[in-house]
Amino acid sequence: MQGCSQKPAARAAGIGSNNGSGGSSSSDGSGNGGTRAASDGKFTSGASSISQKAALAALGMGFRGGEAVSVMVQAFQERRDFLVKRLRALDGVKLSVPQGAFYIFPDFSSYYGSEVEGFGVIDGSDSLCRFLLDKAQVALVPGEAFGDDNCIRISYAASLSTLQAAMDKIEKALALLKPAIPV
């Protein structure tokens with residue numbers, strides 16, 4: 001193996017051999033101080049030690065992740081089910097039940113075309129989210145950012161009480177609108 005005959009400290013300092021040119025030595029024989037690894041493009045990388053330790057701890061929790069994960073899964077299912085029920089009760093809102101995420105992606109496009117005094121026309125997910133932020137003080141993400149302007153993205157990573165308050169505010173704000181498209 002070329003370039004590995006010197007001790008590591010000597011190699012790093014460029015000490016220990018002379019290439020005959022009077023210049024500095026190098027492990028790749030070029031005399032320019034480069035290394036074999038750099039000239040051959042052979043670099044290695046791997047998962048950081050903290051990631052490895054976290055993975056080991058997670059594996060030690062068993063198949064389902066233990067009691068802590070079980071409690072979290074139950075809480076997220078409860079929040080999801082709450083939002084599904086409340087959103088399905090709104091006129092003109094369509095949605096599918098998410099199976100593995102912590103957000104829901106309901107279709108609010110039936111409200112597009114509604115005009116609100118002092119705000120203007122709701123013409124897409126961006127304007128609906130701005131309207132709900134303005135009137136309900138609830139921050140939502142326009143679906144346009146995720147490839148579907150008919151939808152908005154609602155996270156249920158917040159507590160159930162926070163979601164209940166948010167849905168109450170959303171319902172009051174939407175009462176100012178009428179679905180522009182009959183459902």
Side-chain angles (χ1 to χ4, degrees), residues 43 45-183:
F43 292 97
S45 65
S48 68
S49 62
I50 190 71
S51 297
Q52 293 174 25
K53 289 177 183 178
L56 187 59
L59 289 172
M61 296 176 86
F63 178 70
R64 290 278 185 199
E67 184 179 345
V69 172
S70 228
V71 168
M72 285 189 284
V73 168
Q74 184 177 355
F76 276 92
Q77 285 176 338
E78 182 181 7
R79 296 173 199 162
R80 179 202 62 195
D81 294 346
F82 166 78
L83 283 177
V84 166
K85 182 179 178 183
R86 292 284 296 265
L87 289 166
R88 284 188 171 158
L90 295 174
D91 287 337
V93 176
K94 299 177 278 191
L95 66 112
S96 297
V97 178
Q99 297 301 308
F102 56 87
Y103 58 87
I104 196 160
F105 205 55
D107 181 327
F108 275 83
S109 61
S110 66
Y111 288 90
Y112 298 175
S114 297
E115 189 165 352
V116 183
E117 188 176 330
F119 182 81
V121 176
I122 306 295
D123 61 0
S125 62
D126 185 63
S127 61
L128 179 63
C129 288
R130 281 188 286 111
F131 168 77
L132 291 171
L133 182 61
D134 183 48
K135 298 295 182 193
Q137 288 79 49
V138 176
L140 304 168
V141 182
E144 183 178 28
F146 301 96
D148 192 347
D149 193 39
N150 290 332
C151 300
I152 61 173
R153 184 173 173 173
I154 303 172
S155 169
Y156 50 91
S159 70
L160 185 58
S161 62
T162 298
L163 295 173
Q164 290 168 335
M167 282 305 302
D168 290 344
K169 292 176 179 183
I170 289 170
E171 286 176 0
K172 285 179 186 174
L174 289 177
L176 301 172
L177 306 176
K178 298 279 189 244
I181 302 168
V183 184

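Residue numbers start at 1 and run along the sequence shown.
- Checking side-chain atoms of Tyr156 against main-chain N and O of Glu78 turns up no donor-acceptor pair under 3.5 Å.
- Side-chain contact between Pro106 and Lys94 is absent, with no heavy atoms from C-beta onward closer than 4.5 Å.
- For the residue pair Leu163 and Arg79, the shortest heavy atom distance occurs at CD1-CB, 3.7 Å.
- Taking the side chain to side chain contact (heavy atoms under 4.5 Å, CB included) definition, one finds that Ala89 meets it with nothing, sequence neighbours left out.
- In this view, Arg86 and Asp168, Glu171 satisfy the salt bridge (charged side-chain N to carboxylate O under 4.0 Å, His left out) rule, not counting sequence neighbours.
- Between Asp123 and Tyr112 the shortest side-chain heavy-atom distance does not fall below 4.5 Å.
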Quick one: side chains of residues 135-145, donor-acceptor pairs under 3.5 Å with protein atoms, not counting sequence neighbours, listed by atom name and distance.
unit_1	atom_1	unit_2	atom_2	d
Gln137	NE2	Asp134	O	2.9

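- A heavy-atom distance below 4.5 Å is not found between the side chains of Val93 and Asp107.
- Val71 pairs by the side chain to side chain contact (heavy atoms under 4.5 Å, CB included) definition with Glu67, not counting sequence neighbours.
- With a 4.5 Å cut-off on side-chain heavy atoms, Leu132 and Leu174 count as touching.
- Under a 3.5 Å cut-off, the side chain of Glu115 and the backbone N or O of Gly113 do not form any donor-acceptor pair.
- Met167 places a side-chain heavy atom less than 4.5 Å from the side chain of Leu90.
- Phe82 is listed as a side-chain neighbour of Leu160, based on a closest heavy-atom distance under 4.5 Å.
- Nearest heavy atoms, Ser110 versus Asp91: OG-O, 4.4 Å.
- In this view, Arg130 and Asp126 satisfy the side-chain hydrogen bond (donor to acceptor under 3.5 Å, both in side chains) rule, not counting sequence neighbours.
- Here CG of Leu133 is found 10.5 Å from NZ of Lys169. Values are rounded to the nearest 0.5 Å.
- Crowding of Tyr103 atom OH: a count of heavy atoms from other residues, nucleotides or ligands under 6.0 Å not exceeding 12.
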Without placing hydrogens or testing angles, list every side-chain donor-acceptor pair under 3.5 Å for residues 147-155, not counting sequence neighbours.
unit_1	atom_1	unit_2	atom_2	d
Asp148	OD1	Asn150	N	3.0
Asp149	OD1	Ser125	N	3.0
Asp149	OD1	Ser125	OG	2.5
Ser155	OG	Ala157	N	3.1

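- Interatomic distance, CD1 of Ile104 versus CZ of Arg80, reported as 8.5 Å (0.5 Å rounding).
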Exercise for the section: Tell me, with the steps shown, if Val73 and Ser70 meet side-chain contact (heavy atoms from CB on, under 4.5 Å). Expected result: CA-CA 5 Å; Val73 168; Ser70 228; 5.9 Å; no

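- Between Phe76 and Phe102, the angle of the ring planes goes over 60°, which puts this pair in the perpendicular group of the 30/60° scheme.
- No side-chain heavy atom of Ser114 sits under 4.5 Å from any side-chain heavy atom of Phe131.
- Note that NZ of Lys172 is 12.5 Å distant from CD1 of Ile170, once rounded to the nearest 0.5 Å.
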